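Below, each value reflects all heavy atoms present in this structure, side chains not excepted, and no hydrogens, waters or symmetry copies. Note that this is a predicted model, so its numbers are computed, not measured.
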Amino acid sequence: MAERIGERAANRALLARQGLLAPFEWPLVEVVEAIGAIQAQHWPAVAAALAARMDRFDLAELEAALGHGELVFGTLLRGTLHVVSAREHPAYAAVTAASGADDWRRATKEAVPGGEALRREIAAFAAEAARTADELSDLLERRLAAEPDLLPVAEAERQRALRWPLRRWSGLVRVPADGRWSKAPADYRAAPGGEAARGLDPKAALDEVARRHLRAFGPAAAEDVAAWAGCRAGEARAALDRLAPELLRLEDDAGKPLFDLPDAPRPEGDTPAPPRLLPWFDS
């Protein structure tokens, strides 16, 4: 019979993993990884989220980690903007792509037979230097002038089709034109990992992202993993089944199955929880 964990104890487990019971004393990049992909739709929220969770937060250190590429900022889970570590970005990007969150059809209604070829060209162009949205769109315009059948869409959809998949694609990350990270950057670079990252097995990537969800937000049900990762509940359930030999099985007060990492913190439900100031869109 699975061990039962009450709502209050589950709350304390979540707060502990997010650094909201006792602040983290770890290096910045490790904290970002521990708490999961940081919501970044509102750019100042990234610093506020980390300041709430770290014993000693230094804004200059965050900007340096972004500038050196240890942390990256771009469209990931559920098609929303996040900050993650460069080493963890590939699996997040693979799950995002598999979910369809950055699919061309979100803009064109129809499948785009040449979509992947176009994106490979975009990635190669953005790997050379930071590119503006206009530069990326101009590249697509030139390619489509030479080979119109690569993007067979009606004229009314053309501009949306040229812009939307670029700004929403997990294969690109955003960087500032002037090198300053004080405001949300608007230029684009190729995401870390290149072709190897884009070739990740979707199931293996989802397994890894499910582990990260449990690390940051567990104990959790398959539906929780799915809502966060932006995948179907059945896919999340299959990932947890594949991971089952390494996971702890629990259940909530209603008997709903929960999963967790065996060595993750699970404080008692009466553990004091101090007030914390959290930013907009915090996970």
Side-chain angles (χ1 to χ4, degrees), residues 10 13-14 16-19 26 29-41 46 49-50 53 70-103 106 168-174 190-250 257-265 281-283:
L14 168 66
R17 293 170 208 205
Q18 289 290 310
W26 304 342
V29 174
E30 290 183 23
V31 171
V32 172
E33 292 178 342
I35 64 177
I38 298 180
Q39 292 272 8
Q41 293 99 309
V46 177
L50 289 165
R53 293 166 164 88
E70 297 171 280
L71 298 177
V72 292
F73 166 55
T75 299
L76 287 173
L77 306 174
R78 308 178 306 283
T80 57
L81 291 166
H82 290 85
V83 168
V84 301
S85 70
R87 59 193 172 209
E88 291 199 343
H89 184 280
Y92 283 126
V95 168
T96 301
S99 74
D102 60 3
D103 195 288
R106 299 285 293 272
R168 303 273 294 192
W169 184 32
S170 57
L172 298 173
V173 295
R174 299 194 186 187
E195 285 293 330
R198 288 191 289 278
L200 284 178
D201 174 64
K203 288 184 179 180
L206 182 55
D207 290 356
E208 181 55 36
V209 167
R211 282 191 196 93
R212 294 174 192 172
H213 182 271
L214 298 179
R215 177 184 68 192
F217 304 106
E223 293 80 5
D224 301 320
V225 176
W228 183 71
C231 65
R232 295 181 177 87
E235 294 170 332
R237 196 169 293 111
L240 293 170
D241 285 343
R242 290 190 293 271
L243 296 172
E246 64 186 73
L247 299 181
L248 179 67
R249 288 181 177 269
L250 304 166
L258 302 174
F259 299 85
D260 205 4
L261 303 175
D263 57 352
F281 305 112
D282 195 278
S283 293

**Student:** Return yes if some donor-acceptor pair links the side-chain N/O of R53 with the main-chain N/O of I35 below 3.5 Å, else return no.
**Tutor:**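 No: the side chain of R53 does not pair with the backbone of I35.
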**Student:** About how many Å separate CZ of R212 and CD of E88, when rounded to the nearest 0.5 Å?
**Tutor:**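 With rounding to 0.5 Å, CD (E88) is 4.0 Å from CZ (R212).
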**Student:** Restricting to non-hydrogen atoms, name the atom on V173 and the atom on A190 that form the minimum distance, rounded to 0.1 Å.
**Tutor:**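 For V173 versus A190, the nearest heavy atoms are CG2-O, 4.0 Å.
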**Student:** Nearest heavy-atom pair of A34 and W26: which atoms, and what distance?
**Tutor:**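 Nearest heavy atoms, A34 then W26: CB-CZ3, 3.5 Å.
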**Student:** Considering only heavy atoms from C-beta outward, does the side chain of L76 approach that of H89 to under 4.5 Å?
**Tutor:**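 Of all side-chain heavy-atom pairs linking H89 with L76, at least one is under 4.5 Å.
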**Student:** So, R17 side chain and R215 main chain: donor-acceptor pair closer than 3.5 Å or not?
**Tutor:**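 Absent.
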**Student:** Assess the residue pair L261 and L247 against the criterion (side chain to side chain contact (heavy atoms under 4.5 Å, CB included)); give the C-alpha distance rounded to whole Å, side-chain angles, the decisive distance to 0.1 Å, and a yes or no.
**Tutor:** CA-CA 5 Å; L261 303 175; L247 299 181; 3.8 Å; yes
**Student:** Let me confirm one number: the NE2-OG distance from H82 to S283, rounded to the nearest 0.5 Å.
**Tutor:**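 It is 5.5 Å, given to the nearest 0.5 Å.
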**Student:** Would you name the heavy atoms of L240 and A222 that are closest together and state the gap between them?
**Tutor:**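 Closest heavy-atom pair between L240 and A222: CD1-CA, 3.6 Å.
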**Student:** Does any part of the side chain of V95, heavy atoms only, come nearer than 4.5 Å to the side chain of S170, both counted from C-beta?
**Tutor:**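 Not touching, per the 4.5 Å side-chain cut-off.
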**Student:** As a quick check of understanding, evaluate salt bridge (charged side-chain N to carboxylate O under 4.0 Å, His left out) for E70 and R87, giving each step before the final call.
**Tutor:** CA-CA 8 Å; E70 297 171 280; R87 59 193 172 209; over 6 Å; no
**Student:** Do any N or O atoms from the side chain of E235 and from the backbone of R232 form a donor-acceptor pair under 3.5 angstrom?
**Tutor:**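 Answer holds: yes.
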**Student:** Dump the intermediate steps for side chain to side chain contact (heavy atoms under 4.5 Å, CB included) on V209 and Y92, then the final yes or no.
**Tutor:** CA-CA 7 Å; V209 167; Y92 283 126; 3.9 Å; yes
**Student:** Do the side chains of R249 and F259 get nearer than 4.5 Å, heavy atoms only?
**Tutor:**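 Counting from C-beta outward, F259 and R249 do come under 4.5 Å.
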**Student:** Do side-chain atoms of Q18 reach the backbone of F217 as a donor and acceptor pair under 3.5 angstrom?
**Tutor:**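 Looks like no, no N/O pair under 3.5 Å.
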**Student:** What is the distance from atom CG of L200 to atom CG of L206, rounded to the nearest 0.5 Å?
**Tutor:**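 Reported value, rounded in 0.5 Å steps: 12.0 Å.
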